[in-house]
There are 2 protein chains.
Amino acid sequence: MTNPTEPTGYRAIKAEVLTRMRNGVWSPGMSLPGEVDLAEEFATTRTTVNRALRELAEEGYLERKRKAGTKVLKMPRRQARFAIPQIQQEIEDTGADYRYARVSRTEEDAPGWLSSKLSLPQTARVIHVRAMHYANGQPHQFEDRWIVTASVPEAAAETFVDQGPSAWLVDTVPLTTAEISFSATRVTSEVAEFLEVAPGDPAFLFERTTWLDADAVTYVRLYHREGYRMTTRY
Amino acid sequence: MTNPTEPTGYRAIKAEVLTRMRNGVWSPGMSLPGEVDLAEEFATTRTTVNRALRELAEEGYLERKRKAGTKVLKMPRRQARFAIPQIQQEIEDTGADYRYARVSRTEEDAPGWLSSKLSLPQTARVIHVRAMHYANGQPHQFEDRWIVTASVPEAAAETFVDQGPSAWLVDTVPLTTAEISFSATRVTSEVAEFLEVAPGDPAFLFERTTWLDADAVTYVRLYHREGYRMTTRY
DNA sequence: TAGTGGTCTAGACCACCCC
DNA sequence: GGGTGGTCTAGACCACTAA
């Protein structure tokens with residue numbers, strides 16, 4: 001008897017292809033047989049083989065080109081997938097208590113570095129919000145955010161006292177594209193006070209720039225205390 | 001005239017569905033029509049509609065359940081995808097010169113914390129390799145790695161003088177699963193010397209534990225100087 | 001220019017799971 | 001129980017690109 005959850009169909013083919021790669025039947029750089037041949041071997045149709053190979057290519061194991069065929073990648077271009085963290089949920093998932101506090105909200109002309117970063121017109125107005133997120137009363141994240149008023153006019157009416165700008169933006173402008181980056185930085189003395197650490201201490205910085213089509217919507221810096229980790233499997 | 005690269009087929013359907021979500025035709029929490037209805041509306045087959053919706057669900061926009069149908073997610077579970085960096089390529093892609101230098105290589109009993117982390121037997125032996133990666137002669141990354149000898153016996157014959165353990169492992173044990181995590185840390189005085197920064201300075205730490213089926217293969221800590229960034233779009 | 005993957009059609013059976 | 005998505009079949013035309 002085999003495993004009761006033994007896959008069949010395109011899943012079985014994916015598994016078999018991976019097995020053959022592990023066993024060296026198809027080693028890095030080598031070409032696999034064409035879809036038609038594989039379909040015959042696995043006693044199925046080309047459609048099913050196609051789905052299996054397409055997904056393996058998407059996952060970074062194979063390279064597929066018309067006419068050239070399907071090849072095993074020499075260096076698998078594996079990729080990790082991170083769920084974009086939703087701060088409140090992230091904290092409550094750990095069983096901790098979440099609390100939000102707005103620090104400040106001002107409306108101002110976009111500073112030069114921001115206009116430049118977001119390709120804003122010279123005269124752009126932005127809403128600058130600073131806020132703290134606590135887990136069980138402990139400082140967890142300091143949020144420093146700029147919202148482009150022209151892209152999200154509804155923001156003018158928002159105080160962000162009760163709801164954090166992240167959650168509000170997800171509800172208001174849900175379908176955006178973004179660029180995110182992670183880095184390590186030193187906290188400034190101001191941020192240090194809010195995170196309750198010493199100035200100059202390391203912080204994990206998460207930055208995100210969000211666009212709605214071609215218009216910049218918001219730029220945010222999220223500072224986390226040393227010890228914060230982003231983790232994923234792949 | 002429309003855009004010359006106007007998508008057709010399942011891509012067109014994906015785009016149209018996203019457009020309708022943006023326009024509020026299908027707002028968060030709402031159910032979409034069934035695949036059969038959509039196929040009729042778009043004058044295509046259910047297969048094509050299925051692929052469009054399946055991909056949108058994979059990308060985190062929709063939730064699909066048998067019998068329940070397809071719903072627009074209230075909070076899109078969008079996910080970012082990071083290419084797993086290959087240090088040499090990453091550096092050379094910037095036009096910089098890459099240089100590798102092994103710092104040390106020892107064979108030892110696995111320390112307790114490592115055995116625990118990797119679920120190793122009491123008596124496990126590991127190879128401990130430390131190495132530096134330079135970009136244009138500047139310190140770029142300090143690598144602190146443990147390789148489980150039992151999982152990769154070939155490593156016993158490797159000096160890692162000419163080739164870094166990362167590259168060697170990718171060639172030798174290409175099909176692994178891994179857990180990675182990012183964090184900010186303080187460099188110890190020893191790491192500080194190699195990175196040519198001051199002890200206690202912030203560093204960006206990338207950790208990865210790698211498994212081949214159920215056996216731990218390697219655990220590595222990669223330290224980067226302040227200023228290093230991991231970036232992606234989604 | 002010919003071979004390969006990319007995609008679509010039209011139809012079918014089935015597993016899951018909400019009602 | 002029945003409606004919905006998950007998947008497969010068998011076949012076709014087409015786009016791309018390596019040879």
Side-chain angles (χ1 to χ4, degrees), chain A residues 2-18 20-21 25-26 28-74 76-77, chain B residues 2-18 20-21 25-26 28-74 76-77:
Chain A
T2 57
N3 187 321
T5 60
E6 184 82 22
T8 58
Y10 80 97
R11 292 164 187 281
I13 297 178
K14 286 179 72 171
E16 176 61 20
V17 171
L18 284 173
R20 292 191 189 177
M21 289 196 283
V25 180
W26 295 325
M30 193 180 287
S31 277
L32 271 60
E35 294 186 348
V36 178
D37 293 338
L38 288 175
E40 190 182 351
E41 187 197 331
F42 291 121
T44 182
T45 58
R46 194 166 80 87
T47 312
T48 300
V49 171
N50 178 274
R51 177 159 182 192
L53 297 186
R54 175 161 38 86
E55 291 194 359
L56 286 172
E58 225 164 71
E59 290 162 25
Y61 294 104
L62 303 175
E63 186 186 25
R64 316 191 78 203
K65 267 191 223 159
R66 286 162 154 121
K67 167 73 175 177
T70 300
K71 289 187 175 57
V72 180
L73 281 175
K74 301 207 179 189
R77 297 178 293 95
Chain B
T2 56
N3 186 322
T5 60
E6 186 81 25
T8 58
Y10 80 97
R11 292 164 188 280
I13 296 178
K14 286 180 70 173
E16 176 61 21
V17 171
L18 284 174
R20 291 191 188 177
M21 289 197 283
V25 180
W26 294 327
M30 192 179 288
S31 277
L32 271 60
E35 294 187 347
V36 179
D37 293 338
L38 288 175
E40 190 180 352
E41 185 196 334
F42 292 121
T44 182
T45 57
R46 194 165 81 85
T47 311
T48 300
V49 171
N50 179 274
R51 177 159 183 193
L53 297 186
R54 175 161 38 86
E55 291 194 0
L56 286 171
E58 224 164 74
E59 289 163 24
Y61 295 104
L62 302 175
E63 186 185 25
R64 317 191 76 203
K65 267 190 223 159
R66 286 164 156 118
K67 168 72 177 177
T70 300
K71 289 187 173 58
V72 180
L73 282 175
K74 302 208 178 187
R77 298 180 293 94

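At a threshold of 4.5 Å between non-hydrogen side-chain atoms, the residues A:Glu58 and B:Glu58 count as touching. Side-chain contact between A:Met30 and A:Val25 is absent, with no heavy atoms from C-beta onward closer than 4.5 Å. Residues A:Tyr61 and A:Leu73 fail the side-chain proximity criterion, which asks for heavy atoms closer than 4.5 Å.
Under the rule for a side chain to side chain contact (heavy atoms under 4.5 Å, CB included), A:Lys67 has no partner lying at least two apart in sequence or in another chain. Shown here are the side chain to side chain contact (heavy atoms under 4.5 Å, CB included) partners of B:Thr48, two or more places apart in sequence or in another chain: B:Tyr10, B:Ile13, B:Thr44, B:Thr45. Every salt bridge (Lys or Arg N to Asp or Glu O under 4.0 Å) that A:Lys14 has, sequence neighbours left out, goes to A:Glu55, A:Glu59.
Taken residue by residue, residues 41-62 of chain A places heavy atoms nearer than 4.0 Å to DNA chain C at A:Arg46, A:Asn50.
In the helix from C:dT1-D:dA18 to C:dC18-D:dG1, the end axes, each obtained as the rotation axis mapping the C1' atoms of four pairs onto the next four within a five-pair block, lie 20° apart to the nearest 10 degrees.
For the residue pair A:Ala68 and A:Ser31, the shortest heavy atom distance occurs at O-OG, 4.4 Å. Taking both residues in full, the closest heavy atoms of A:Gly29 and A:Lys71 are given as O-CD, 4.2 Å, listed atom of the first, atom of the second, then distance. The two atoms that bring B:Leu38 and B:Pro33 nearest to each other are CD1-O, 3.7 Å, heavy atoms only. What you find for A:Leu32 and A:Val72 is that their closest heavy atoms are CD1-CG2, 3.6 Å.
Listed by first then second residue, pairs satisfying salt bridge (charged side-chain N to carboxylate O under 4.0 Å, His left out) with a partner in residues 32-41 of chain B read B:Arg20-B:Glu41, B:Glu35-B:Arg46, B:Glu35-B:Arg64, not counting sequence neighbours.
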Could you go step by step and tell me if B:Leu56 and B:Leu18 meet the side chain to side chain contact (heavy atoms under 4.5 Å, CB included) rule? CA-CA 9 Å; B:Leu56 286 171; B:Leu18 284 174; 4.1 Å; yes
So if I define the base as every atom that isn't primed, P, OP1 or OP2, how would nucleotides 14-19 of chain C read as a B/S/- string at a heavy-atom cutoff under 4.0 Å? -BBBB-
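Nucleotides of DNA chain D with any atom under 4.0 Å from a heavy atom of chain B span, from 5' to 3', D:dG2 to D:dT7.
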